[in-house]
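Side chains included, hydrogens not; waters and symmetry mates left out as well; all remaining heavy atoms used.
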Amino acid sequence: RTWSNTLALNKAFDGGAIRFSASDLTNKSVVPNSGLNRQSFNLVGTFEPLKRLTIDVRSNYILEQAKNRPMLSDGAGNANYNVVFLPTSINVNDLKPWKNENGKEIQYNTGNTYATNPWFAANEFINNTNRDRLISSFNTRYTFDNGLFIQGRAGIDAYTDTYKNVVPSGTAYYEIGKIAEQKTKFSDINADLLLGKTFELSDVFTLTPNLGASYRNTKINQTTNNGDDFAVFGVYNIMNAKNKSVNHVVSESETQSVYGTLEFSYKDVFYLTGSGRTDWFSTLATPGKDNKLSVFYPSISGSFVFSELWK
């Protein structure tokens, strides 16, 4: 069952418009003890404070909580997988109760410990994720009296993910239990600048040059804690694991670019376009070596529009 509710507010005025919306989604899965909640907030503004100057600002903030995402492996801890392969003569409700008085899994297939009781998988396993995400962009463009334009754009996509996975104490295929907790911070920033103008060389010939530059920076910071063999049965905290390990990953990459295009056209019939682009990649840098960090991409293309010729 899914419920979705949205509230939106709009306002238009001289020189612009603004819109704000908030929505809430609640999903209760057909699988017991599983579901998804999501809250979204969206803000959009378009403005023209000066003649020939346009500004577009957008921001989307998303909060998401997923409880017990389905396992995508085979039968181990996967409630859906084991239900699918049940004989049609067996009612899934006959597999209750799923644990004994000691909290251990009651197997329905004693010949295969990896065929987890689907009720045990649904009610005892933990596979939760939470995400806070921000997607924003800013675009502006100004056109001068002589037709020259300058355009700037910037955007960011950033999120924080938290993940918790627990194989519970008493699971047939891993009785001591284990836990994994992970936190990931990600950000991707993009910005570019473009300058261009169309020159009319005559009544039939035009020349359009464009020059631009762009920048991209991507960062990832991830910490993962793993543990197994819970000291106290059924207490699913990383501090309760007898054996622990931690993994920390930090990465950052950056790309800087410059590019340009030159288009020559005859009426609306013939077009000839050349372009060049150079990218500098931080990932090509090698400590102790003065290696080349850039790549140049030239191109040329032409087109002929027969339909315009016949007019």
Side-chain angles (χ1 to χ4, degrees), residues 4-25 38-64 131-160 185-203 205-219 252-265 267-268 271 273-280 282 297:
S4 181
N5 301 282
T6 301
L7 173 67
L9 302 173
N10 299 275
K11 175 65 175 178
F13 48 88
D14 290 340
I18 191 168
R19 182 180 189 274
F20 172 79
S21 66
S23 63
D24 176 75
L25 181 145
R38 182 188 295 129
Q39 301 82 42
S40 303
F41 306 91
N42 187 266
L43 180 65
V44 178
T46 56
F47 311 96
E48 192 172 352
L50 301 173
K51 186 179 180 181
R52 296 187 299 275
L53 173 64
T54 59
I55 299 174
D56 185 295
V57 182
R58 299 170 184 266
S59 185
N60 193 9
Y61 184 51
I62 306 164
L63 301 170
E64 183 178 278
R131 168 174 284 192
D132 295 355
R133 187 175 188 180
L134 176 66
I135 305 172
S136 298
S137 67
F138 175 84
N139 304 325
T140 184
R141 180 184 175 111
Y142 183 77
T143 305
F144 294 89
D145 292 336
N146 61 0
L148 175 70
F149 76 87
I150 182 170
Q151 174 182 284
R153 301 184 299 179
I156 183 172
D157 183 358
Y159 61 78
T160 299
K185 291 185 176 181
F186 171 89
S187 70
D188 188 43
I189 298 174
N190 287 271
D192 64 54
L193 185 69
L194 185 65
L195 185 72
K197 186 181 188 306
T198 298
F199 296 91
E200 294 185 358
L201 305 180
S202 68
D203 293 339
F205 293 105
T206 60
L207 190 67
T208 305
N210 291 286
L211 293 174
S214 66
Y215 169 85
R216 181 179 184 183
N217 180 274
T218 303
K219 293 180 181 179
E252 181 177 4
S253 62
E254 186 173 295
T255 304
Q256 300 175 5
S257 310
V258 293
Y259 41 83
T261 64
L262 184 63
E263 182 181 84
F264 173 81
S265 66
K267 294 185 177 179
D268 291 324
Y271 297 88
T273 304
S275 68
R277 178 187 179 106
T278 299
D279 291 332
W280 287 266
S282 66
Y297 318 88

T140 side chain vs T54 backbone, donor-acceptor pair below 3.5 Å: yes
Can you find a heavy atom in the side chain of F47 that is under 4.5 Å from one in the side chain of L53? no
Does a side-chain heavy-atom distance below 4.5 Å link Y142 with R52? yes
Given side chains that start at C-beta, do those of F13 and I18 come closer than 4.5 Å, heavy atoms only? yes
Side chains of N42 and S40: does their closest heavy-atom pair fall under 4.5 Å? no
OH (Y61) and CD1 (I135) are apart, to the nearest 0.5 Å, by 12.0 Å
Would one find more than 12 heavy atoms of other residues, nucleotides or ligands at under 6.0 Å from atom NZ of K219? no
Nearest 0.5 Å please: distance from the OH atom of Y159 over to the NZ atom of K185. 13.5 Å
Report the distance from atom CG of L194 to atom OG1 of T261, rounding to the nearest 0.5 Å. 7.5 Å
Between S253 and S282, do the side chains contain an N or O donor and an N or O acceptor separated by less than 3.5 Å? no
side-chain contact (heavy atoms from CB on, under 4.5 Å) between N210 and Y259, intermediate numbers included: CA-CA 8 Å; N210 291 286; Y259 41 83; over 6 Å; no
Quick one: pull up CG in D279 and OG in S214 and give me the separation to the nearest 0.5 Å. 6.5 Å
Between A8 and R19, which heavy-atom pair has the shortest distance, and what is it? CB-NH2, 3.4 Å
Check whether any side-chain heavy atom of F186 lies under 4.5 Å from a side-chain heavy atom of T218, and answer yes or no. yes
With the side chain counted from C-beta on, respond yes when I156 and F138 share a heavy-atom pair under 4.5 Å apart, and no when they do not. no
So OG of S136 and CD1 of I189: to nearest 0.5 Å the spacing works out to 11.0 Å
Can you tell me how far CG of D132 sits from CD of Q39, rounded to the nearest 0.5 angstrom? 9.5 Å
Are any of the side-chain heavy atoms of Y297 and S275 separated by less than 4.5 Å? no
Count the heavy atoms belonging to other residues, nucleotides or ligands that lie under 6.0 Å from CG of N10, then report whether that count exceeds 12. yes
Check this for me: R131, atom CZ, are more than 12 non-hydrogen atoms of other residues, nucleotides or ligands nearer than 6.0 Å? yes
Nearest heavy-atom pair of L211 and G260: which atoms, and what distance? CD2-CA, 4.2 Å
Evaluate the side-chain proximity of V258 to W280: yes if any heavy-atom separation is below 4.5 Å, no if none is. yes
How close do L193 and G152 get, counting heavy atoms only, and between which atoms? CD1-CA, 4.2 Å
If we check side chain to side chain donor-acceptor pair (under 3.5 Å) with R153, which of these qualifies: N139, D192, D56? D192
Verify salt bridge (charged side-chain N to carboxylate O under 4.0 Å, His left out) between D157 and R133, making sure each step is shown before the conclusion. CA-CA 7 Å; D157 183 358; R133 187 175 188 180; 2.7 Å; yes
